[in-house]
Student: 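Would you mind keeping the following structure in view while I ask a few things?
These values consider heavy atoms only, across backbone and side chains, with no hydrogens, waters or symmetry-generated copies.
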Amino acid sequence: MKYIICQEVKIVDMNEEILTQTLFNRGEYEAPAISVGSSVLAYQLGLREFDVVLDKREGKHQRYSVVDVEIDLMTSPTSTRVFLEPVTLIVGQHDIGQA
């Protein structure tokens, strides 16, 4: 089954003031059945200026829990989005620089 993997990201400054909140699309993947409570091993997220990006540097992976599975029955073919637990990124602390 095809899943669109998403994750809510809150970007804050060093004083924990919210600068922005966004839904990061990790991409579309083919996988067996995924349910709430499952774990997903994926790259950590980082910041490149104020853009949320995957941190593909060595050793930068993490386990995330699935918190919701949304099946859109109003589209044809139906789409299934999987939401991973939300993360908070701090400007200046989670910057990964230029690729």
Student: So, taking the atom named CD in Q62 and the one named CD in Q44, what distance separates them when rounded to the nearest 0.5 Å?
Tutor: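 The distance works out to 5.0 Å.
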Student: How would you list, by chain and number, every residue that makes a side-chain hydrogen bond (donor to acceptor under 3.5 Å, both in side chains) with E70, sequence neighbours excluded?
Tutor: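 Once residues adjacent in sequence are excluded, the partners of E70 under the side-chain hydrogen bond (donor to acceptor under 3.5 Å, both in side chains) criterion are R81.
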Student: Would the distance check show the side chain of N15 and the main-chain N or O of E17 forming a donor-acceptor pair, the cut-off being under 3.5 Å?
Tutor: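 Pair absent, no side-chain N/O of N15 close to backbone of E17.
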Student: Here's a test for you: under side-chain contact (heavy atoms from CB on, under 4.5 Å), which of V87, D55, V53 qualifies with L45?
Tutor: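 Filter result, single survivor: V87.
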Student: Start with the C-alpha gap between I90 and M14, add the side-chain angles, then the distance that decides, and say whether side-chain contact (heavy atoms from CB on, under 4.5 Å) holds.
Tutor: CA-CA 6 Å; I90 302 169; M14 293 292 203; 3.7 Å; yes
Student: Group every Ile, Leu, Val, Met, Phe, Trp and Tyr by side-chain heavy-atom contacts under 4.5 Å, then state whether V67 and V9 land in the same group.
Tutor: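 Different hydrophobic clusters.
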Student: Report the C-alpha separation of T20 and F50 in whole Å, then their side-chain angles, then the decisive distance to 0.1 Å, and conclude whether the side-chain contact (heavy atoms from CB on, under 4.5 Å) test is met.
Tutor: CA-CA 9 Å; T20 188; F50 286 98; 5.7 Å; no
Student: Return the CD1 to CG distance between I11 and L89, rounded to the nearest 0.5 Å.
Tutor: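 If we round to the nearest 0.5 Å, I11:CD1 and L89:CG are 6.0 Å apart.
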Student: Shared ILVMFWY cluster between L54 and F83, side chains joined below 4.5 angstrom?
Tutor: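 No, L54 does not connect to F83 through the hydrophobic network.
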Student: Write out all pairs satisfying salt bridge (Lys or Arg N to Asp or Glu O under 4.0 Å) with one or both partners inside residues 18-38, taking only residues at least two apart or from two chains.
Tutor: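 Passing the test, one end in residues 18-38: K2-E28.
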Student: Mind checking the CD1-OH spacing from I4 to Y29? Nearest 0.5 Å is all I need.
Tutor: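 Those atoms lie 12.0 Å apart.
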Student: Is there a side-chain contact between L47 and V52, using heavy atoms and a 4.5 Å cut-off?
Tutor: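 Contact flag for L47/V52 side chains = yes.
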Student: Under 4.5 Å between side-chain heavy atoms, counting indirect links through other Ile/Leu/Val/Met/Phe/Trp/Tyr residues: same cluster for Y64 and V36 or not?
Tutor: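 In one cluster with Y64: V36, yes.
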Student: Using side-chain hydrogen bond (donor to acceptor under 3.5 Å, both in side chains) as the criterion, list what pairs up with D72, not counting sequence neighbours.
Tutor: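 With neighbours one apart ignored, the set is empty.
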Student: With clusters defined by side-chain heavy atoms of hydrophobic residues (ILVMFWY) lying less than 4.5 Å apart, directly or transitively, does I5 cluster with L41?
Tutor: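 Different clusters: L41 never reaches I5 through Ile, Leu, Val, Met, Phe, Trp or Tyr contacts under 4.5 Å.
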Student: Nearest 0.5 Å please: distance from the CZ atom of F24 over to the SG atom of C6.
Tutor: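 Result: 10.0 Å between the selected atoms.
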Student: Quick one: does V66's side chain get under 4.5 Å of L84's, heavy atoms only?
Tutor: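 Yes, their side chains come closer than 4.5 Å.
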Student: Do you know the tightest heavy-atom contact between L19 and V12?
Tutor: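 Smallest heavy-atom distance, with atoms named: CD1-C, 4.0 Å.
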Student: Looking at every non-hydrogen atom in both residues, tell me the closest pair between I34 and A31 and how far apart they are.
Tutor: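 Scanning both residues completely, I find the closest heavy atoms to be CD1-CB, 4.1 Å.
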Student: If only atom types and distance count, is the side chain of E8 paired as donor or acceptor with the main-chain N or O of T22 below 3.5 Å?
Tutor: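 Such a contact is absent between E8 side chain and T22 backbone.
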